[in-house]
Trainee: 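Below is one structure. I have some questions about it.
Below, chain A is the first sequence line, B the second, and so on; all start at residue 1.
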Amino acid sequence: MPVRTYLEAITDALREEMRRNPDVFIMGEDIYAYGGSYAVTSNLADEFGPERIRDTPIAEGAIAGVATGAAMAGLRPVAEIMTINFALLALDAIINHAAKVHYMFGARIKAPVIIRTAGGAGAQLGATHAQNFEVYFAHVPGLKVVTPATPADAKGLLLAAFRQDDPVIFIENTGLYRTKGEVPDGDVIVPFGSADVKREGKDVTLICYSRQFLTAMQAAEQLSEMGIEAEVVDLRSLRPWDAETVINSVKKTNRGLIIEEDWQSYGIGAEIAATVTREAFDWLDGPIERLGLVEAPMPYARDLERAAMPSPDKVITRLREMGVVR
Amino acid sequence: MAVATTHKPLTKAQLLHMLRQMLLIREFEDKTAEWYARGRIAGFVHLYNGQEACAVGVVAALEPQDILMSHYRDHGHALAKGAGTKEAMAELFGKETGLVKGKGGSMHFFDYQAGHWGGYAIVGGHLPLAVGVAFAYKYKKESRIVAVVMGDGTTPNGYFHESLNFAKLWEAPVIFIVENNLYGMGTALAVHSAVVEMTDKVCAYDIPAERVDGMDVVAVYEATRRAVEHVRDGKGPYFLELSTYRFRGHSMADPQRYRDKEEVAEWTHRDPILHMRQKLMEEGLLTEKAAKKMEDDVKREIEEAVRFAEASPAPPLEALTEDIYASPVSANPEAAIISTPSA
């Protein structure tokens with residue numbers, strides 16, 4: 001299997017789908033002439049030209065709204081919102097419009113728009129440029145929210161987004177773009193709502209998505225050296241999310257820790273913990289626990305930023321508090 | 001800035017149809033008010049009385065395949081574009097037979113086939129959607145265009161400026177139409193907008209703009225024809241300001257403390273329906289008898305619509321969670337959940 005970076009895998013999916021379907025076009029800030037802030041589209045510009053790789057003004061509300069309208073009229077737009085921090089300016093277009101038109105208009109029209117954006121901290125970008133807002137979208141009936149962690153999943157989930165008819169918020173992580181992995185050739189789809197057991201173990205379940213998958217895997221390696229085998233479950237999509245796989249894993253290991261890169265209060269982990277607790281209560285040896293960002297705006301200074309984020313050491317510390325590590 | 005047009009004058013049949021459409025909308029709105037007062041219609045309801053010439057004049061200049069999108073005061077736009085009075089009234093009654101199955105209500109009418117693609121209740125939120133729909137037709141090389149209607153209260157909103165800029169840059173075939181009724185809800189134009197001349201706002205985006213008497217349905221039609229020719233020719237967006245007035249409050253709950261009686265009386269005197277009726281009689285195109293028959297027909301149609309709405313079933317409770325998604329939620333719906341259901 002060819003090895004691709006996460007970024008290349010996304011580009012591959014876009015290229016393959018654009019070749020297959022002339023109704024697919026991409027729109028966003030600095031994606032054509034500049035090549036994309038994270039260069040996802042730089043290798044597409046020559047092949048597809050400015051008609052299908054469309055530069056936009058810096059106007060996120062209109063970007064999301066125009067893309068939604070184009071989808072309502074039968075196109076397959078991919079709107080790139082440069083980072084998820086800027087997506088706040090598009091929340092009305094996404095939540096009040098893209099997510100609503102199918103239901104509110106009695107299923108008379110669809111809005112199959114794909115909004116690609118990137119979250120993530122760790123590059124010393126400060127309070128307004130290092131956030132993760134997947135929970136804002138995952139909260140909303142009518143949206144589908146996917147958060148791939150590996151190159152193969154990034155490609156497979158993006159291809160899946162093109163094969164269904166609902167608005168999809170496709171959330172990448174800037175800390176993953178350069179990571180590498182094997183990616184199957186061709187049109188291999190990863191269905192939404194299917195979590196993936198990325199590492200098998202019997203002692204504790206580490207539940208993660210997006211970049212915190214890396215934290216979970218690093219922690220699992222260290223734990224293994226300590227004689228503890230962690231099972232790592234990558235959610236891959238947050239709405240829908242695959243409760244069955246998570247619950248089955250927790251029933252096996254009897255303990256669970258969610259690692260998330262959003263603030264823990266009212267976060268993704270809260271939803272998972274509540275569901276798993278209800279469905280697997282009799283199997284649990286202790287409460288499902290969470291490890292998220294420290295509840296502060298993200299600071300610039302390197303050591304402060306690191307201290308704010310989940311890490312393998314913090315995972316092990318938390319597992320010690322839980323009594324999993326003795 | 002007006003563009004010369006060469007099209008044929010309106011026929012008698014077209015003129016009479018425009019009068020009938022305005023009468024139909026007026027009667028629909030009056031009956032809506034009546035049934036709202038009787039507690040059978042609920043929610044926020046914004047009536048179109050006084051502004052009928054805007055929707056009817058605009059639609060008369062569009063082709064059936066063109067798309068009209070509008071704001072929450074949307075009954076007139078939907079009916080003018082061809083939505084059925086029965087389905088529209090049933091929607092207000094919250095019935096399964098409504099335009100959108102009782103899911104939308106007064107502010108969210110939608111008729112795919114008729115080409116009224118939505119009433120939208122977030123001020124300005126529909127403008128980028130309209131630009132997107134219009135762009136899609138350009139991209140697909142179809143000759144369809146989009147007319148998108150907003151109130152004057154939308155013009156200070158960010159969406160307005162983002163959408164005009166976008167439409168001009170992408171040469172989207174869209175006509176932006178402001179129904180300027182002088183108030184954004186209860187706030188007067190001069191209080192909500194630093195620049196009160198709409199056409200002055202639009203020149204910043206190099207989009208041709210016209211101000212039109214929105215109480216004169218023929219004037220609205222003529223201006224929209226000019227706009228349609230420009231837009232369908234691939235010359236990019238066009239802008240129309242229709243000067244109009246709403247005869248009723250902003251919504252059903254409006255005591256109207258913000259406008260004085262003289263102003264209301266002055267505008268009521270310019271009633272677009274009376275104006276058109278009188279004009280057609282003066283030109284010998286309408287007799288008192290024919291007018292009476294038209295009014296009776298319209299009354300009968302709306303009475304039938306009310307009967308249909310009353311007799312229709314409410315949506316089944318299962319509809320609550322139907323149609324949230326167009327495609328299956330996941331490949332394995334048994335496994336995947338989208339929320340924590342109550343046990």
Trainee: Between B/Tyr325 (side chain only) and A/Leu143 (backbone N and O only), is there a donor and an acceptor less than 3.5 Å apart?
Mentor: yes

Trainee: Please check: side-chain N/O of A/Asp166 versus main-chain N/O of B/Ser327, any donor-acceptor pairing under 3.5 Å?
Mentor: yes

Trainee: So, taking the atom named CE in A/Met104 and the one named NE2 in B/His108, what distance separates them when rounded to the nearest 0.5 Å?
Mentor: 4.5 Å

Trainee: Using a cut-off of under 4.5 Å on heavy-atom pairs, state which of B/Pro128, B/Gly104, B/Pro315 scores highest against chain A.
Mentor: B/Pro128

Trainee: Is it the case that more than 12 heavy atoms not belonging to A/His139 sit under 6.0 Å from its NE2 atom?
Mentor: no

Trainee: With respect to chain B, which residue among A/Met27, A/Glu51, A/Arg54 yields the maximal number of heavy-atom pairs within a distance under 4.5 Å?
Mentor: A/Arg54

Trainee: Less than 4.5 Å to any heavy atom of chain B: does that hold for the side chain of A/Asp55, its backbone, both, or neither?
Mentor: backbone

Trainee: Can a donor-acceptor pair be found, under 3.5 Å and without considering hydrogens, that links the side chain of B/Lys101 to the backbone of A/Ala107?
Mentor: no

Trainee: From A/Leu89 CG over to B/Glu162 CD, what is the distance, rounded to the nearest 0.5 angstrom?
Mentor: 8.0 Å

Trainee: Could you tell me whether the side chain of B/Tyr159 and the main chain of A/Ala93 form a donor-acceptor pair under 3.5 Å?
Mentor: yes

Trainee: Could you give the distance from CG (B/Asp323) to NZ (A/Lys110), rounded to the nearest 0.5 Å?
Mentor: 11.0 Å

Trainee: What part of B/His161 lies closer than 4.5 angstrom to a heavy atom of chain A: side chain, backbone, both or neither?
Mentor: neither

Trainee: Side chain, backbone, both or neither: which part of B/Gln113 has a heavy atom under 4.5 Å from chain A?
Mentor: neither

Trainee: Please report the closest heavy-atom contact between B/Phe135 and A/Leu75, naming both atoms and the distance.
Mentor: CE2-CD1, 4.4 Å

Trainee: Please identify, among A/Pro22, A/Gly106, A/Ala59, the residue contributing the most non-hydrogen atom pairs under 4.5 Å to chain B.
Mentor: A/Gly106

Trainee: Relative to each other, are the rings of A/Phe105 and B/Phe110 parallel, tilted or perpendicular (30° and 60° limits)?
Mentor: parallel

Trainee: Check each atom of A/Glu279 against the heavy atoms of chain B and say whether the ones under 4.5 Å are side chain, backbone, both or neither.
Mentor: neither

Trainee: Just by modelled atom types, is the B/Leu99 backbone N or O under 3.5 Å from a matching donor or acceptor in the A/Arg108 side chain?
Mentor: yes

Trainee: Quick one: what part of A/Asn96 sits under 4.5 Å from any heavy atom of chain B, side chain, backbone, both or neither?
Mentor: side chain

Trainee: What part of A/Val113 gets closer than 4.5 Å to chain B, counting heavy atoms only: side chain, backbone, both or neither?
Mentor: neither

Trainee: Which region of B/Ala319, side chain (C-beta onward) or backbone (N, CA, C, O), has a non-hydrogen atom less than 4.5 Å from a non-hydrogen atom of chain A, or is it both or neither?
Mentor: backbone

Trainee: Let me know if B/Leu127 has heavy atoms under 4.5 Å from chain A in its side chain, its backbone, both or neither.
Mentor: neither

Trainee: What's the spacing between A/Ile109 CD1 and B/Asp111 CG if we round to 0.5 Å?
Mentor: 11.0 Å

Trainee: Based on non-hydrogen pairs under 4.5 Å, which of B/Tyr139, B/Tyr112, B/Tyr120 is most in contact with chain A?
Mentor: B/Tyr139

Trainee: Would you mind checking which part of B/Leu164 comes under 4.5 Å of any heavy atom in chain A, side chain (CB onward), backbone (N, CA, C, O), both or neither?
Mentor: neither

Trainee: Side chain from CB out, backbone as N, CA, C, O: work out which of these in A/His102 comes under 4.5 Å of a heavy atom of chain B, or both, or neither.
Mentor: both

Trainee: How close do B/Trp117 and A/Ala73 get, heavy atom to heavy atom, and via which atoms?
Mentor: CZ3-CA, 4.1 Å

Trainee: Restricting to non-hydrogen atoms, name the atom on A/Gly142 and the atom on B/Ile324 that form the minimum distance, rounded to 0.1 Å.
Mentor: N-CG2, 3.4 Å

Trainee: Determine, step by step, whether A/Met72 and B/Leu129 satisfy the side chain to side chain contact (heavy atoms under 4.5 Å, CB included) criterion, reporting the C-alpha distance in whole Å, the side-chain angles of both residues, the deciding distance to 0.1 Å, and the verdict.
Mentor: CA-CA 8 Å; A/Met72 289 167 69; B/Leu129 303 184; 4.3 Å; yes

